[in-house]
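Report on one structure; see the data block that follows.
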Amino acid sequence: MKQPLVSIIIPYHNEAEFIGRALESLMGQDYPREKIEILAVNSNSSDDSLEMVKSYAQKDNRIKLFDNPLEFTPISLNIGIKNAKGDLITKSDAHTIYPPDYISKCVRYIEEYKTDAVGGITQNVPANDSLAAKAIILVLGSPFGGGGAFRQGGVKPEFADTAFGICYRKEVFQKIGLFNEKLIRSQDFDFNLRLTRAGGKILLAPDIALTYYPKQKTLISFWRRNFVDGIWAILPSKFGSPIFKPRHLAPLVFVSAILLFALCSLLFAPLIWVAVGILAFYFSAILYFSLKISAREKDIQLFPFLILTFAARHLAYGLGSLVGVVKLVLPTK
C-alpha cells in the first residue's frame, strides 16, 4: 500500500505542562519517519511552551515552527493547513498522548474504508489525583454526561458525526474550506458538520485510543469550561455555522423550562410546582447515575463529587447556552 506523507498539526497556547509528552508520542510513531512532518503552531504563549518546542525541533528536523499572534485555535489550524505538504492532515492536541500506531492506523483505515477522515476515541486521564478531577473524567465518559460516541468507545469502526484526533484527506479542505476563524470554540464540530453535510464521511475507529488530559482540575474550572462551551453551542450560527445536534441543545431546553415555569409562577403560582418537579426528576437522575458510577468504581467518596460535577456539566452548559441565545440576537460588533 502506498504510504502517503502525513502532516501533523499541533496548535498550542501555554501548554508547557503537556506538550512535551504529546510531541514525544508523535515523534515515536511507527510510521516511516520520512513520511511525517509536524507543524507546531504557537498561539502567543507566555509560558515555556515555545522554548520547549524549539528544543524538540533541534533534535528532530520533522518539527516545523509557526507563529499565530492571536490565541484562537482555528487560526492556528488554518496556518498549519496552508503550510502542510502532506496528502493527509491530522489535527492533534497538546493534551494528548498518541499510541505508536496512531498514524499507521489512520492511513490504513482511511484507505480501507475509502473515507474522507478517520479518528479515534479518548481515554481520559485525570489531571491530578483529586476526587474532583476523577469525577470530571467519569462524567465526561458517561452517556448521561452528554459526551459524543468518541468519549464512550465502541466495538467496531463506524461512521459518525465526529471523532477525536481526526486525520483528514487534504482535498477535504479544498472542497469545503478551512476552519471557521470566527469561532473561539466549537470549530471542530462546525467543520465536521460541514463535511458530513457536504456528503463527506468520518470514520470512528475505537481501536485508535488516545490518552487525553483535560485542563479542568476543579469543579469551578469545570463549571467555567461548560459555561463557555454552552455559549459556543449556540453562537456559531451567528457566524454561518450549521445548527448542531440535538444533544447540544438539551441543556438549553432543560434550563429554559425551569426558568420559564418559575417566572410564569409569578402570574400563576401553581406553575412553580412544574419547575420543582423538573428539578426533582433531574436530581433523581443525578443521584442514580452518581451512585451507579461510584459503585462501579468502588469508591463511595466519589459520590458527592459526581453529583456536583453532573450539575456543573448540565446547568453551566444550559446557562451558557442562554447567554449564547442573547448574544445571537444582539448586533455583531
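The model shown is predicted, which means the values in this text are computed figures rather than measured ones.
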Over 60° means perpendicular and under 30° means parallel, so classify the ring planes of [Y] and [X], tilted if in between.
X    : Y    : value
F310 : H314 : parallel
F179 : F173 : tilted
F18  : Y213 : tilted

Closest heavy-atom pair and its distance - [X], [Y]:
X    : Y    : answer
R33  : D60  : NH2-OD1, 3.1 Å
Y109 : P157 : CE2-CG, 3.8 Å
D93  : A22  : O-CB, 3.9 Å
D87  : P4   : OD2-CB, 3.7 Å
I300 : L291 : CD1-CD1, 4.4 Å

Look at the side chain of [X] and the backbone N and O of [Y], then say whether any donor-acceptor pair between them is shorter than 3.5 Å.
X    : Y    : result
N68  : I75  : no
K170 : A84  : yes
S142 : V139 : no
R169 : T115 : yes
Y31  : V6   : no
Q29  : Y102 : yes
S237 : I234 : yes
S130 : A133 : yes
S7   : G86  : yes
N226 : Y317 : no

Salt bridge check: are K105 and E112 linked by an N-O gap of less than 4.0 Å?
-> no

So, D190 and K182, do they make that salt bridge, N to O below 4.0 Å?
-> no

Verdict with reasoning, L77 to I9, per side-chain contact (heavy atoms from CB on, under 4.5 Å) = CA-CA 7 Å; L77 291 172; I9 301 173; 4.2 Å; yes

K59 charged N/C atom sitting above Y56 aromatic ring, 6.0 Å / 45° | yes

Does one side chain, of N192 or T162, offer a donor that lies under 3.5 Å from an acceptor on the other?
-> yes

Linked, directly or transitively: [X] and [Y] (ILVMFWY side chains, under 4.5 Å):
X    : Y    : result
L131 : I137 : no
L271 : L279 : yes
F261 : L259 : yes
F254 : I272 : no

Aromatic contact, F191 with Y168 (centres under 6.0 Å) = yes

Walk me through it: do E15 and K215 pass the test salt bridge (Lys or Arg N to Asp or Glu O under 4.0 Å)?
-> CA-CA 10 Å; E15 299 290 1; K215 286 185 178 182; 3.3 Å; yes

